[in-house]
Amino acid sequence: MTATPLRIGNFSGFYGDRSSALREMLTGGEVDVLTGDYLAELTMLILGRDRLKDPGAGYARTFARQLEDTLGLAHERGVRIVTNAGGLNPAGLADKVRELAERLGMPVRVAHVEGDDLTAAHPGTLAAHAYLGGFGIAECLRAGADVVITGRVTDAALVTGPAAAHFGWAPGDHDQLAGAVVAGHLLECGTQVTGGNYAFFQDGDVRRPGFPLAEIHADGSSVVTKHPGTGGFVDTGTVTAQLLYETGGARYAGPDVTARLDTVRLRQDGPDRVRIEGVRGEAPPPTLKVGLNRLGGFRNEVAFVLTGLDIEAKAALVRDQMDAALAKAAPDEVRWELARTDRADAGTEETASALLRLVVRDADPEVVGRGLSGAAIELALASYPGFHVLAPPGKGSPYGVFDHVAVPHGDVDHVAVLHDGRRIEVAAPQETLPLGEVPEPELPESLHVGSTRRAPLGHVAGARSGDKGGDANVGVWARSADAWRWLAHELTVERFRELIPEARDLPVTRHVLPRLHALNFVVTGILGAGVAAQHRFDPQAKALGEWLRSRHLDIPEDLL
């Protein structure tokens with residue numbers, strides 16, 4: 001075990017992130033390990049479709065391209081690289097990296113982790129993968145790997161693995177592992193913790209945020225920062241926002257440990273430095289999450305542009321005209337949505353226009369194919385004045401459905417495949433703890449409210465939202481102690497449903513995180529069958545939090 005802090009950076013938060021980030025992180029300052037996160041629920045579906053066309057595919061090709069001009073630099077500087085870019089084919093990507101190293105004449109040791117693929121055990125799925133923890137990565141690094149390729153591990157495992165290897169942590173070191181999980185969650189989305197996608201983005205220059213890194217200590221505490229001179233900024237607000245992203249209650253469960261988010265303490269530790277301390281951990285749940293991706297059917301869409309006067313009447317006319325074609329095709333699902341993006345007396349034609357979207361779904365691609373979209377085009381000279389659509393008629397496209405199940409740890413063969421070909425089985429945790437409800441914490445003393453003013457919630461609170469399968473979460477935090485005293489009592493589940501009408505008939509759970517001055521709302525089912533099903537206008541709920549911040553409430557004037 002060593003007491004030397006470990007500097008772990010991130011160079012990718014998703015499949016398609018900034019291609020130059022790996023070089024920027026290698027040249028921008030000191031770092032020991034660089035991690036790249038490429039996988040999301042939608043990505044697994046995309047890679048699954050790639051593998052249907054080519055059994056040798058299934059990994060993030062962009063990572064291999066990034067290594068072309070950076071592998072030598074990483075080797076020269078002794079920086080190890082850990083990435084889940086292996087996707088559905090970590091062994092295949094590991095071979096590609098070995099070929100690259102050999103071509104460049106570099107003695108780079110490449111290892112990979114496997115065992116997450118459970119597709120054969122789940123007939124009818126395109127990809128079924130267990131979320132593995134970080135100890136397979138740790139085994140690879142302990143054996144001397146320079147590059148470690150994984151498939152579907154948890155995003156935080158890319159950090160817990162290197163930290164466990166560096167500090168010699170064992171599976172029972174729950175507090176230390178939990179601290180690393182929090183650091184990993186902060187790094188996993190790259191620039192989202194350095195000012196990207198941040199509610200108060202005007203607090204700094206976020207035109208090109210630098211990628212983050214964490215200085216992790218032996219006790220599991222860490223400091224989140226970025227390389228000197230890079231864009232963006234790191235403060236307790238950017239860190240709070242990312243902590244709330246795609247999480248739920250106080251218990252943040254993973255395969256290695258359950259981190260208690262209600263124990264996290266944040267402290268500004270200088271410019272662009274936030275210290276994370278006090279994180280407590282519990283034994284992980286007795287089961288692993290398995291993500292299931294399958295093809296759900298086919299969808300098609302027509303977007304009618306309605307301009308100027310009589311928008312509602314124009315929408316009613318075209319809907320009536322499409323009734324016969326829809327009745328003849330009889331798709332399983334038909335949805336109409338009118339987005340009133342138009343303004344009165346608009347200065348441009350675009351701002352005078354609204355969009356009427358027709359979305360159809362069916363198991364048969366012919367049912368939602370060109371015949372249906374063609375029926376819309378046939379109205380071009382026979383419908384409302386100013387008729388036009390955003391795109392020509394097209395055939396139905398496949399869409400995906402995401403679901404998840406739980407399996408015992410022992411049902412998964414977690415294996416570290418070392419650079420010399422040896423295979424090390426990673427044992428399941430001996431100690432587990434079923435998840436349970438955390439007692440509701442006490443709310444702060446309510447704020448004495450004098451005069452109020454009708455204003456957007458976002459004037460006193462930040463928010464960040466995201467998706468987990470068909471559910472969405474919206475994390476909301478106050479920027480001052482007084483604002484927290486008001487927010488904790490004002491933004492109830494009932495008020496949330498008033499402000500977000502889509503949630504009125506759905507289960508909504510509120511979690512209170514006093515140390516973060518935050519509330520986390522989980523809206524069950526708002527995203528239907530997940531992002532790939534494109535159930536709603538914002539299929540990943542990325543902007544749900546910003547919609548909430550734009551809603552008006554009676555806010556105490558002292559807070560404004």
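The first residue of the sequence shown is numbered 1, and numbering continues consecutively from there.
Under 3.5 Å, the side chains of D37 and N10 contain no donor-acceptor pair of N or O atoms. No hydrogens or angles considered: nothing links the side chains of T247 and N473 as a donor-acceptor pair under 3.5 Å.
By the ring-ring contact (aromatic ring centres under 6.0 Å, His included) test, F521 is found to be paired with F496, residues two or more places apart in sequence or in another chain being considered. A search for side chain to side chain donor-acceptor pair (under 3.5 Å) contacts involving R273 returns E215, not counting sequence neighbours. For Y59, there are no ring-ring contact (aromatic ring centres under 6.0 Å, His included) partners two or more places apart in sequence or in a different chain. Listed by chain and residue number, R280 satisfy the side chain to side chain donor-acceptor pair (under 3.5 Å) test with D175 (two or more places apart in sequence, or in another chain). Applying the side chain to side chain contact (heavy atoms under 4.5 Å, CB included) test to D235 and every residue at least two apart in sequence or in another chain returns Y198, F233, T238, Q268. Applying the side chain to side chain contact (heavy atoms under 4.5 Å, CB included) test to A488 and every residue at least two apart in sequence or in another chain returns L443, P444, W484. Looking at residues two or more places apart in sequence or on another chain, you find a side chain to side chain contact (heavy atoms under 4.5 Å, CB included) between D256 and F135, T160. Remark: H185 pairs with Y252 by the ring-ring contact (aromatic ring centres under 6.0 Å, His included) rule, at least two apart or across chains. Remark: R515 engages no residue in a side chain to side chain donor-acceptor pair (under 3.5 Å) (not counting sequence neighbours). Annotation: side chain to side chain donor-acceptor pair (under 3.5 Å) contacts of R275 (sequence neighbours excluded): D269.
Distance check, rounded to the nearest 0.5 Å: NE2 of H122 to CG of L292 gives 5.5 Å. The distance from atom NE2 of H217 to atom CD1 of I276, rounded to the nearest 0.5 Å, is 9.5 Å. Taking OG1 of T125 as the start and CE of M44 as the end, the distance is 10.5 Å to the nearest 0.5 Å. From L39, atom CG reaches atom CG of N84 across 3.5 Å, with rounding to the nearest 0.5 Å. The distance from atom OG1 of T240 to atom CZ of R479, rounded to the nearest 0.5 Å, is 10.5 Å. Once rounded to the nearest 0.5 Å, the distance linking CG of L6 with CZ of R80 reads 10.0 Å.
Contact record, P212 with V193: CB-CG1, 3.4 Å, taken as the closest heavy-atom pair. Of all heavy-atom pairs spanning A472 and A541, the tightest one is CB-CB, 3.6 Å.
A 6.0 Å sphere centred on NE2 of H404 holds no more than 12 heavy atoms belonging to other residues, nucleotides or ligands. Environment of CD in E440: crowded, with over 12 heavy atoms of neighbouring residues, nucleotides or ligands closer than 6.0 Å.
Side chain of T35 to backbone of L158: no donor-acceptor contact under 3.5 angstrom is found. Judged by distance alone, the side chain of D219 and the main-chain N or O of S221 form a donor-acceptor pair under 3.5 Å. A donor-acceptor pair under 3.5 Å is absent between the side-chain atoms of T70 and the main chain of L73, judged by distance alone. Between the side chain of K226 and the backbone N or O of T230, at least one donor-acceptor pair lies under 3.5 Å. Here the side chain of N293 pairs no donor or acceptor atom with the backbone of G400 at under 3.5 angstrom.
With salt bridges taken as basic N to acidic carboxylate O contacts below 4.0 Å, one links R98 and D95. Taking the charged nitrogens against the carboxylate oxygens, E24 and R18 do have a contact shorter than 4.0 Å, which makes a salt bridge. Comment: E282 engages R251 in a salt bridge, judged by a side-chain N to carboxylate O separation of less than 4.0 angstrom.
Applying the salt bridge (charged side-chain N to carboxylate O under 4.0 Å, His left out) test to residues at least two apart or on different chains, the pairs with a partner in residues 412-427 are E114-R423, D420-R422. Sorted by first and then second residue, the side-chain hydrogen bond (donor to acceptor under 3.5 Å, both in side chains) pairs involving residues 127-149 (not counting sequence neighbours) are R109-D146, D116-H129.
Put simply, the residue from V274, L243, V159, V234 that forms a side-chain contact (heavy atoms from CB on, under 4.5 Å) with L186 is L243.
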